[in-house]
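See below for the structure under consideration.
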Amino acid sequence: MMSKQSTWIVGAAMTRFGRLPDMDLIDLGATAAQAALADAGMTMGDVQVFAVGNAYESSGMVAQRIQKQIGQTGIETYNVFNACATGATAVRAAHLAIQAGEADVALVVGVEKMGKMGMLGAGAKARSDRKVYTPGGRFDAVMGTEGILGTGLMPGVFAQAGMDYARQHDVTFRQFAKVAEKNHYHSSLNPLAQYRDVYDVEAIMAAEMIAYPNSVLMCCPTGDGAASLVLVSDEKRRSLDAAQRDRSVKISASILTTDPYTPTGHAMPDINTLTRQAADKAYEVAGVGPAELDLVELHDCFATAELVHYDNLRLCEPGGAGEFIDSGAPRRDGSTPVNVSGGLISKGHPIGATGVAGLYEVATHLRGEAGERQIDGARVGLAHVIGLGSACGIHILERAA
């Protein structure tokens, strides 16, 4: 039976995101881990559970390789992969170990080395030049179905999700572009962001089109980076000094969902339903509502994704995401700041690191340590990620009373 105690973040760190040729995967993970431990005032000798999220070397025992750099103590260790929700899933694995009473201190790292990898997605290799019309595969298809019956390519999935919402609720191309304009501006205040250039809406709309309505300036880049958290039990937190307790951040909800059945789910991933279900459960578990959120870091792999997730996360009235961006509510000086970090669009999206980096960003604001981009008086925040396939992770964090 799970304990009723809280889990707390007492250490948090993140490397700069970008193309980092001078650091390999293990360098990045070890750097973030050591910085988070130092932030918590702890060493590897205090850690009882270690969870590492990584996508592109997920079969390569990344956690064990990082331990060779930061300390091998024989502890319980997890290598985690769950598409773009990888980092959030690693956090949840550590959180569950603490909730189960198996550990008092856990270290989590999300890390990725992607470089300039190019377009990602399950459908990238689905087409074939061979003219063979023999039924085959799971769906007994006589030819490649990518781009015909649906798509597994990320730009296509999120473009389609945006256009479906636009048709239902009269959202315009300009409203989608406003999402990217906001996030590029926000990233100009974040020294750890991959890109810090500011673009106006006209430039974003005029940029090279990737998958309508997402131009290249409305799409996240690939890159390198790592983020790390130190989690402790309520009992362990009580043993820490007053300064550490004051900087601690409570995990009020940790939720992971996957796809329920939807009629079109086999042809096109449904990014909406599992997000709505995760959000509703997170609000229930945390005992807070969307109106109480002081900031949100959500999965804006494309501008269309951010806009539809305003609705999925209940940040606006149903069908009101276009009006929400027009109102300025999700800007850093608005009523519900969204992606003050610059989001995936401009902060960057090294896949394994993303879920942990979202929690790092929220926790840093709740600690009052976000510098120029700080949301004044922030007490409650939400971090959301979605990995196609699909998996959705949501964490609600609260500042120490």
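Residue indices begin at 1 and follow the sequence shown.
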- prompt: Any side-chain heavy atom of Gln64 sitting closer than 4.5 Å to one from Asn79?
  reply: yes
message: Closer than 4.0 angstrom, basic N to acidic O: yes or no for Arg379 and Asp294?
response: no
message: Assess, by modelled atom type and distance only, whether the side chains of Asp270 and Thr273 contain a donor and an acceptor separated by less than 3.5 Å.
response: yes
query: For the ring pair His95 and His395, is the centre-to-centre distance below 6.0 Å?
result: no
- prompt: Is it true that Arg65 and Asp24 make a salt bridge, defined as a side-chain N closer than 4.0 Å to a carboxylate O?
  reply: no
message: Taking the side chain as everything from C-beta on, heavy atoms only, tell me whether Met218 gets closer than 4.5 Å to Phe173.
response: yes
message: Are Tyr283 and Leu293 packed together at the side-chain level, in the sense that at least one heavy-atom pair is separated by less than 4.5 angstrom?
response: yes
query: Between His184 and Tyr199, what is the ring plane arrangement, given parallel below 30°, perpendicular above 60°, and tilted in between?
result: perpendicular
- prompt: Hey, are Arg367 and Asp246 close enough for a salt bridge, meaning a charged N less than 4.0 Å from a carboxylate O?
  reply: no
message: So Lys182 and Arg332, do their side chains get closer than 4.5 Å, heavy atoms only?
response: no
- prompt: Can you check whether His309 and His384 have ring centres sitting under 6.0 Å from each other?
  reply: yes
query: Can Lys347 and Glu361 be counted as an ion pair, charged N to O under 4.0 angstrom?
result: no
message: Please tell me whether Glu297 and Ser341 have a donor and an acceptor in their side chains that are separated by less than 3.5 angstrom.
response: yes
- request: Indicate whether any N or O donor in one side chain lies under 3.5 Å from an N or O acceptor in the other, for Thr275 and Asn312.
  value: no
- prompt: How many angstroms lie between CG in Asp170 and CZ in Arg167, if you round to the nearest 0.5 Å?
  reply: 12.0 Å
- prompt: Is it true that Arg238 and Asp234 have a side-chain N and a carboxylate O under 4.0 angstrom from each other?
  reply: yes
task: Establish, from distance only, whether the side-chain atoms of Gln67 and Thr77 form a donor-acceptor pair under 3.5 Å.
output: yes
Polar side chain donor-acceptor pair, Asn190 to Glu372, under 3.5 angstrom: no
Ser187-Arg196 side chain donor-acceptor pair, cut-off 3.5 Å: no
message: Under 4.0 Å between a side-chain nitrogen and a carboxylate oxygen: does that hold for Arg174 and Glu181?
response: no
Heavy-atom pair with the smallest gap, counting every atom of Val109 and Ser228: CG2-OG, 3.6 Å
- request: Evaluate whether atom CE of Met61 has more than 12 neighbouring non-hydrogen atoms of other residues, nucleotides or ligands under 6.0 angstrom away.
  value: no
field: Salt-bridge criterion met for Asp326 and Lys178 (N-O under 4.0 Å)
entry: yes
statement: Looking only at heavy atoms, the pair that brings Arg19 and Thr222 closest together is NH2-O, 2.9 Å
Tyr310 versus Ala321, closest heavy-atom pair with distance: CD1-O, 3.9 Å
message: Do Val49 and Glu102 have side chains that approach each other closer than 4.5 Å (heavy atoms only, starting at C-beta)?
response: no
query: Are a donor atom and an acceptor atom from the side chains of Asp164 and Gln168 found within less than 3.5 Å of each other?
result: no
task: Measure the shortest side-chain to side-chain distance between Val157 and Met268 over non-hydrogen atoms and say whether it is less than 4.5 angstrom.
output: yes
- prompt: With a 4.5 Å heavy-atom cut-off, do Gln194 and Asp224 have their side chains touching?
  reply: no
- request: Scan side-chain atoms only and decide if Gln277 and Thr257 contain a donor-acceptor pair under the 3.5 Å cut-off.
  value: no
field: Check ion pair Arg247-Glu369 (N to O, under 4.0 angstrom)
entry: yes
